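In what follows, a single structure is set out as structure tokens and then discussed.
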Amino acid sequence: MNSAGGESSLVHILLVDDGPGDVRLTREAFREVMASAILHVAADGVEALAFVHQTGAHAKAPRPDLILLDLNLPKLDGTEVLANIKGDDRLKTIPVLILTTSGSEADISTCYGLHANCYLNKPVRLEAFETLVGSIVDFWLTKAKLPPVLR
Amino acid sequence: MTVPQATSGTEVPVLAPYLHLAQLEGRYRGLLEAAPDAIVVVNQEGEIIILNLQAEKRFGYHRDELLGQKVTNIIPEGFAERLHADGLRSAEDALAQQIDSGIELYGRRKDGSLFPIEIMLSPLESADGILVTAAIRDISRRRHTEAHLLKMVEELRASNKELEQFAYIASHDLQEPLRMVTSYTQLLARRYKGKLGADADDFIAFAVDGATRMQRLIGDLLAYSTVGAKANDLQDTSSEEAFQRALTNLHGAIAESGALITSGPLPMVMADDGQLVQLFQNLVGNAIKYQSAGVPKVHVSAEMASPGRWIFSVADNGLGIETQYFERIFGMFQRLHKPEEFAGTGVGLAICKKIVERHGGTISVESELGKGSVFQFVLMCSTHSQ
């Protein structure tokens with residue numbers, strides 16, 4: 001497992017999504033495939049940035065190993081959050097996976113243009129959603145080698 | 001003066017022996033006044049030398065006020081210029097140029113108001129030189145009707161576009177809350193089956209089934225509205241490649257059914273390639289799906305129907321369709337089978353029809369119950385292959 005500096009083997013995932021239903025579904029799916037992962041939730045773009053920059057109430061937030069980012073968010077849009085993270089030398093190595101219902105080509109291009117690590121559509125069916133979460137865990141948290149954290 | 005030669009099927013009306021203006025007018029006065037159009041006769045200097053009653057009425061002048069006056073008084077632009085230009089050419093040229101070709105200009109009434117006119121010019125040789133007869137028709141009403149029609153067409157197009165967008169957005173946005181309903185009823189079913197009593201299991205099963213069906217309907221509605229709302233321009237497209245991509249997408253169904261799929265040479269056509277893939281996918285998918293026991297056989301081919309048009313055929317050895325349903329199966333949400341026989345929402349062929357029609361073609365079926373079906377659709381040739 002690629003976790004920061006060996007201080008802990010816990011995997012921290014930041015889920016940025018404003019829908020409680022989606023958050024719970026994601027939580028349930030992770031429980032099935034990787035119960036040990038710690039899922040942190042930010043319900044809007046501003047909170048997401050506070051979390052990754054460890055400001056305000058999130059001063060003690062852990063550095064996420066993986067970020068799952070929805071696009072339609074209150075306050076600060078997903079693409080703005082993405083641009084901020086990928087524009088920050090300390091944060092840009094964190095894989096950011098866009099996880100959204102939007103299948104718009106414009107959104108897909110914009111996100112890759114802002115260096116999103118991949119763009120995924122939320123599947124409509126429950127089984128497909130669970131399979132997708134399984135694939136994310138398998139690929140990004142198991143198979144992929146991620147760089148050590150810059151301190 | 002020599003008698004002009006006939007040119008390209010038209011003849012200068014020769015009034016032999018060349019009549020003088022007064023004689024000419026005398027002889028044709030009755031005809032002139034009875035004409036439904038305004039008629040003015042103009043000389044090479046652009047002066048009005050004869051006019052009829054309709055011309056007086058249309059332009060609001062008394063005859064005496066116009067005779068000898070410049071035609072630019074009543075047709076400010078486009079007419080006198082033409083006279084001048086034609087004056088530099090031979091009568092034959094002028095004739096060949098002008099006869100039978102209506103020119104749309106503006107007329108000016110005595111009160112200064114303008115109105116749209118169509119004029120037909122014809123040169124007329126007389127002892128006083130070449131004259132030009134102009135038959136002038138007020139086309140205000142026609143213009144008004146045209147403008148009205150154009151506006152209606154435009155409005156219709158806009159409202160159609162809006163409707164397509166509406167259907168697209170509605171079906172897209174409806175998926176969101178529905179995803180919650182289906183996902184959570186499925187979670188309920190999975191986690192609490194057998195723990196809440198038989199009634200609860202039934203209720204949950206109905207809820208899951210309803211939500212799943214609705215999800216499929218909305219998904220298909222979205223696919224249907226996407227054909228219009230997310231269309232790409234038609235361009236040169238290999239139907240062979242589109243067909244192969246459709247087969248790749250159908251890989252699961254083909255492997256599962258053991259279907260034998262063959263094809264003849266498939267041409268280049270004018271198409272939106274994504275939609276062409278979907279068209280093949282839906283038709284071949286149906287051919288595999290609506291089968292009794294046995295190996296499904298599907299043959300896809302194309303032949304030139306008429307210059308510029310290809311007829312594609314997707315032939316199968318499946319269940320076949322009764323004649324009375326040939327039209328109906330292309331309608332939205334139209335099904336011929338119960339859900340327990342064949343799953344589906346009845347949108348696949350409606351999508352096919354919409355795609356083909358968007359491409360300027362037609363789609364139809366020939367079939368006999370128990371003997372398979374042949375779906376045929378027409379597409380335009382690619383610009384390169386003509």
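Numbered from 1 within each chain, the chains take letters A, B, ... in sequence-line order. On a predicted model such as this, the values are computed, not experimentally measured, just so you know.
- Looking at A:E28, only its side chain comes within 4.5 Å of chain B, counting heavy atoms on both sides.
- Note on ring orientation: taking the six-membered ring where Trp is involved, the planes of A:H40 and A:F51 are tilted (angle from 30° to 60°).
- Of the two parts of B:L187, the backbone and the side chain both hold a non-hydrogen atom closer than 4.5 Å to a non-hydrogen atom of chain A.
- Side-chain contact between B:I261 and B:V284 is present, with at least one heavy-atom pair separated by less than 4.5 Å.
- Between the side chain of B:H251 and the backbone N or O of B:L247 there is no donor-acceptor pair closer than 3.5 Å.
- Side chain of B:Q334 to main chain of B:F330: no donor-acceptor pair is present (N/O by atom type, distance under 3.5 Å, no hydrogens or angles).
- Contacts between B:R216 and chain A at a heavy-atom distance below 4.5 Å are absent for every atom of the residue.
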Q. Taking it one step at a time, do B:H337 and B:Y290 satisfy ring pair (Phe, Tyr, Trp, His ring centres under 6.0 Å)?
A. CA-CA 9 Å; B:H337 304 277; B:Y290 295 101; 5.1 Å; yes
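- Other residues, nucleotides and ligands place more than 12 heavy atoms under 6.0 Å from the CZ atom of B:R358.
- Within residues 54-62 of chain A, no residue has a heavy atom under 4.5 Å from a heavy atom of chain B.
- For residues 113-130 of chain A, the interface with chain B (any heavy-atom pair closer than 4.5 Å) comprises A:K122, A:P123, A:V124, A:R125, A:L126, A:E127, A:E130, sorted by residue number.
- For the residue pair A:D107 / A:S102, a side-chain donor-acceptor distance below 3.5 Å is found, with atom types taken as modelled.
- Counting only distance, with no hydrogens or angles, the side chain of B:D201 and the backbone of B:K193 share no donor-acceptor pair below 3.5 Å.
- Counting heavy atoms of neighbouring residues, nucleotides and ligands inside a 6.0 Å radius, atom OH of A:Y112 exceeds 12 of them.
- Between A:L10 and A:H12 the shortest side-chain heavy-atom distance falls below 4.5 Å.
- Looking at B:Q186, both its backbone and its side chain come within 4.5 Å of chain A, counting heavy atoms on both sides.
- At least one side-chain heavy atom of A:D22 sits less than 4.5 Å from a side-chain heavy atom of B:R179.
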